[in-house]
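See below for the structure under consideration.
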Amino acid sequence: NPYRYIISPGKLSRLVDAFLRKYQKYSFEGISLRTFGSELYSDYDKADTYTRPETQKIVAEELSRIAGQVPNIMINKGHSYAIGYADKLVDVPIDHSNFIIADCSVPFYQAVFHGYVDMFGPPLNYSDNITYSVLRSIEYGVGLYYQLVYQPSYYLKNTEFDLLYRSNYQDLIPEISHNYSMANSALKSVGSAEIVDHRQLDENVFVTV
């Protein structure tokens, strides 16, 4: 199915009500709300119009309701209106736009939130330079994140999910083990610490305090 559907902000409250009723039947310790905290849509229906600022207010209210009943919430990226309700953020950027006018990357986002919410970078198995991404994740104090599937990757060929071209967990176990070990040795003692300084010492050499 090539189509993707977005939910009108006016329908969100009712859907959250239905979800929370069903959620109470289970004992899950947390849920992933994915783009709930990073994507906002307008609705220009003449009978029921919503601007993006109005949608942001609605989403924040629904996040507050969910957080009141769900112990742990994970969201993708996470904008300021949503981070206060999240325990974990995934797909946090570890680089800048790479526009020619940009001189270097500065971990401002990470410096603001490190020590207050657990952060994980983009899926490493889709990085075009995994070693660079691991080192940048350590520099920025964000955890490593892989997006994996159980079946061989070729099952997804010629499907709408063929972007998951390198995702079979068995193929990646040695790489994951190595990279997690390296990141853990560097970050395990500072997971809850604040970032108070970041500077460049030399070409491709940085220090984070």
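This is a predicted model, so every value here is computed, not measured.
The ring pair (Phe, Tyr, Trp, His ring centres under 6.0 Å) test applied to Tyr155 returns no partner, not counting sequence neighbours. In this structure Arg14 satisfies the salt bridge (charged side-chain N to carboxylate O under 4.0 Å, His left out) test with no other residue, sequence neighbours excluded. For Tyr146, the ring pair (Phe, Tyr, Trp, His ring centres under 6.0 Å) test picks out no residue, with sequence neighbours left out. For Asp197, the salt bridge (charged side-chain N to carboxylate O under 4.0 Å, His left out) partners two or more places apart in sequence, or in a different chain, are Arg199. Residues meeting the side chain to side chain contact (heavy atoms under 4.5 Å, CB included) test with Val190, sequence neighbours left out: Leu187, Ala193. Listed by chain and number, the residues in a salt bridge (charged side-chain N to carboxylate O under 4.0 Å, His left out) with Asp48 amount to none (sequence neighbours excluded). With sequence neighbours left out, Ser153 forms a side-chain hydrogen bond (donor to acceptor under 3.5 Å, both in side chains) with no residue at all. Glu194 pairs by the salt bridge (charged side-chain N to carboxylate O under 4.0 Å, His left out) definition with nothing, not counting sequence neighbours. Applying the side-chain hydrogen bond (donor to acceptor under 3.5 Å, both in side chains) test to Gln147 and every residue at least two apart in sequence or in another chain returns nothing.
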Scan the side chains in residues 26-35 for donor-acceptor partners under 3.5 Å anywhere in the protein, sequence neighbours excluded, and list what turns up.
none

Side chains of residues 81-97: which donor-acceptor pairs under 3.5 Å do they make with residues two or more places apart or in other chains?
| from | atom 1 | to | atom 2 | distance (Å) |
| --- | --- | --- | --- | --- |
| Asp87 | OD2 | Ile73 | N | 2.8 |
| Lys88 | NZ | Asp118 | OD2 | 2.8 |
| Asp91 | OD2 | Lys77 | NZ | 3.0 |
| His96 | ND1 | Asn98 | N | 2.8 |
| Ser97 | OG | Phe99 | N | 3.3 |

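The residues Arg136 and Glu139 are annotated as salt-bridged, a charged nitrogen and a carboxylate oxygen being separated by less than 4.0 angstrom. Using a 4.0 Å cut-off between charged side-chain N and carboxylate O, Asp171 and Arg166 make no salt bridge.
Side-chain atoms of Glu175 never come within 3.5 Å of backbone atoms of Leu172 as a donor-acceptor pair (strictly under, hydrogens ignored).
Side-chain contact between Phe120 and Met74: absent, with no pair of heavy atoms (C-beta onward) separated by less than 4.5 Å. For the pair His198 and Thr208, the minimum side-chain heavy-atom distance is below 4.5 Å. Put simply, the side chain of Val59 does not reach to within 4.5 Å of the side chain of Pro9, judged on heavy atoms. The shortest distance between side-chain heavy atoms of Tyr140 and Met119 does not fall below 4.5 Å. Side-chain contact check for Ser167 versus Phe161: every heavy-atom pair is 4.5 Å or farther apart. Within the 4.5 Å cutoff, no side-chain heavy atoms of Ser13 are placed close to those of Glu61. Counting heavy atoms from C-beta on, the side chains of Ile138 and Met182 come closer than 4.5 Å.
For Tyr145 against Gly121, the heavy-atom pair with the smallest separation is CD2-O, 3.0 Å. Shown here for Leu124 and Ser133, the closest heavy-atom pair between the two residues is CD2-CB, 3.4 Å. Residues Gln69 and Leu20 come closest through the heavy atom pair NE2-CD1, 3.5 Å.
Rounding to the nearest 0.5 Å gives a distance of 8.5 Å between CG of Leu148 and CG of Asn168. Put simply, CG on Leu40 and CD1 on Ile6 are 11.0 Å apart, with the number rounded to the nearest 0.5 Å. We find the CG-OG1 distance between Leu12 and Thr55 to be 9.0 Å, quoted to the nearest 0.5 Å. In this structure, CD on Gln56 lies 10.5 Å from CG on Leu63, to the nearest 0.5 angstrom.
Each of Leu144 and Leu135 belongs to its own hydrophobic cluster when Ile, Leu, Val, Met, Phe, Trp and Tyr are linked at side-chain heavy-atom distances under 4.5 angstrom. Cluster annotation: Phe36 and Tyr23 are assigned to the same hydrophobic cluster (Ile/Leu/Val/Met/Phe/Trp/Tyr, side-chain heavy-atom contacts under 4.5 Å, transitive). In terms of hydrophobic clustering, with Ile, Leu, Val, Met, Phe, Trp and Tyr side chains grouped at heavy-atom distances under 4.5 Å, Tyr154 and Leu156 are assigned to different clusters. Cluster membership check: Phe113 does not share its hydrophobic cluster with Ile195, using side-chain heavy-atom separations under 4.5 Å among Ile, Leu, Val, Met, Phe, Trp and Tyr. Residues Tyr41 and Ile58 are members of separate hydrophobic clusters, defined by side-chain heavy-atom contacts under 4.5 angstrom among Ile, Leu, Val, Met, Phe, Trp and Tyr.
Other residues, nucleotides and ligands place no more than 12 heavy atoms under 6.0 Å from the CG atom of Asp103.
Annotation: ring-ring contact (aromatic ring centres under 6.0 Å, His included) contacts involving residues 165-188, sequence neighbours excluded, comprise Tyr126-Tyr165, Tyr150-Tyr169.
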